[in-house]
Amino acid sequence: MTDTYLIKYGEIFLKGKNRFIFEDALVNRITEAVEKVEGEFRVHKYLSRIYVECKSDYDEEELIAAIKKVFGVLAICPVLVLEDKGFDDLKEQIVKYVADTYPDVNFTFKMLCKRARKNYPLNSQEMNCSLGEVLLDTYPGLKVDVHKPDVLITVEVREKIYVYSKSIPGPGGMPVGTAGKAMVLLSGGLDSPVAAYMISKRGVKIDAVYFHAPPYTSERAKEKVVDLAKIVSEYTGSIKLHVINFTEIQMAIYQKCPPDELTIIMRRYMMRIAEIIAKESNCLGLVTGESIGQVASQTMQSLMCTNEVCTLPVYRPLIAFDKQDIVDIAEKINTYETSILPYEDCCTIFVAEHPVTKPVLGVIEMHEHNLDDCIDEMLKKALDEREIIEI
Ligand code: ATP
Ligand code: MG
């Protein structure tokens, strides 16, 4: 059982003097992730390296699975940590390490020694040669390949000596919380949970809003959205989910506006409400799962009409994605099975048979005036009576 893992991180290196902010955020996010794993762990940063030390028995698979959900982690390397007891001892330890890690010892390898501590008696190249040689002498199944080795054995000399050769890929991206907050319009469909995942991968913290329309949409449809938010929150951290009762507004639009414009007008009110909640929650933008041309309400003309009601930027991470690309991510992040459950969402109940695909903004605005006598009160009521679910 390995006791320590070295966490490699990527783009954080680009951040210059602010690097420590990103590193500290990553340490915090990893700490939160391992808190859910049974066992005792210490996550710490030392000389621009992050380590997870295991202080008790633990399930390796469970620990790795938890760290693999932390954005900002490029790779997880099980590492052998040695006290510096001289080079002869290091040679013995490396010989043992190889046998312990690769029981049948049959592969090509390359040594990669690095010294952060320059007072070590051998330089990196001398270490590479000497350690490589002792391995070749000990194990006939080993061969050196400096270009494409099966195994790269890294030895880092710091205050202690760190040996590792396995690298488990993490999700990449940036630690959540390093890029501000956004409000996701989260439906029970396939797209918006994937959009939430993607924006969060860039370090954005998220809250969410869901519009439901009881009794046209069932309690089970709402539960499905809660379930999706829970799955997504394994990556994004806690989410405040605002549930808005949209029935009254939807009925008013249904009764007073042309049927073919129903979806567009409805989407415009969703965006307006989402923006109000976003602003009061200090969000810097809205996020949707829209993708150009996917449905009538997502043609460029339609997107222009919905976008027009917002003053905050609207981020659409899936804008140029094909459905299959979205499905692939949904499967990877485990939202697919929940998203495809057949509970109706509030858009499918009120859809027109022939929705406009090229809405004209002026015409939409004109028809929205049909709602002037009631809409303000309805918006206020919907906001006042919202339910907030902490996820
Ligand atoms: P999704 O799969 O995310 O539901 P969709 O392909 O069904 O998307 P639409 O129904 O046109 O597309 O919705 C476009 C976007 O509007 C969604 O991705 C989501 O961000 C938002 N949205 C739609 N319906 C709701 C809802 N009931 N509550 C919250 N957001 C919604
Ligand atoms: Mg939908």
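Read the numbers this way: they start at 1 and go in the same order the structure lists the ligands and their atoms.
Here's the thing with P193: none of its N/O atoms is less than 3.5 angstrom from an N/O atom of ligand 1. The N/O atoms of L190, backbone and side chain alike, include one that comes under 3.5 Å of an N/O atom in ligand 1. Any N or O atom pair closer than 3.5 Å counts here, and G289 shares at least one such pair with ligand 1.
Atoms of ligand 1 found under 4.0 Å from any heavy atom of T288 (numbered from 1 in listed order, with element): 20 (O).
The side-chain heavy atoms of L318 and Q294, taken from C-beta on, include no pair separated by under 4.5 Å. A 4.5 Å side-chain heavy-atom check between T299 and K358 finds every atom pair outside the cut-off.
When heavy-atom distances to ligand 1 are checked against a 4.0 Å cut-off, V209 comes that close only through its backbone atoms N, CA, C and O. Contacts between S192 and ligand 1, counted as non-hydrogen atom pairs separated by less than 4.0 Å, involve both the backbone and the side chain.
Residue contacts with ligand 1 leave out H212, since none of its heavy atoms falls under 4.0 Å from the ligand.
Of all heavy-atom pairs spanning F321 and S291, the tightest one is O-OG, 3.1 Å.
Selection from L185, V225, L228 by nearest heavy atom to atom 20 (O) of ligand 1 gives L185.
Close placement of the Y51 and Y162 rings is indicated, their centers lying within 6.0 Å of each other.
Defined by atom type and a distance below 3.5 Å, a donor-acceptor pair is present between the side-chain atoms of D328 and Q324.
If you run side-chain hydrogen bond (donor to acceptor under 3.5 Å, both in side chains) between E387 and each of K222, H242, H212, only K222 comes through.
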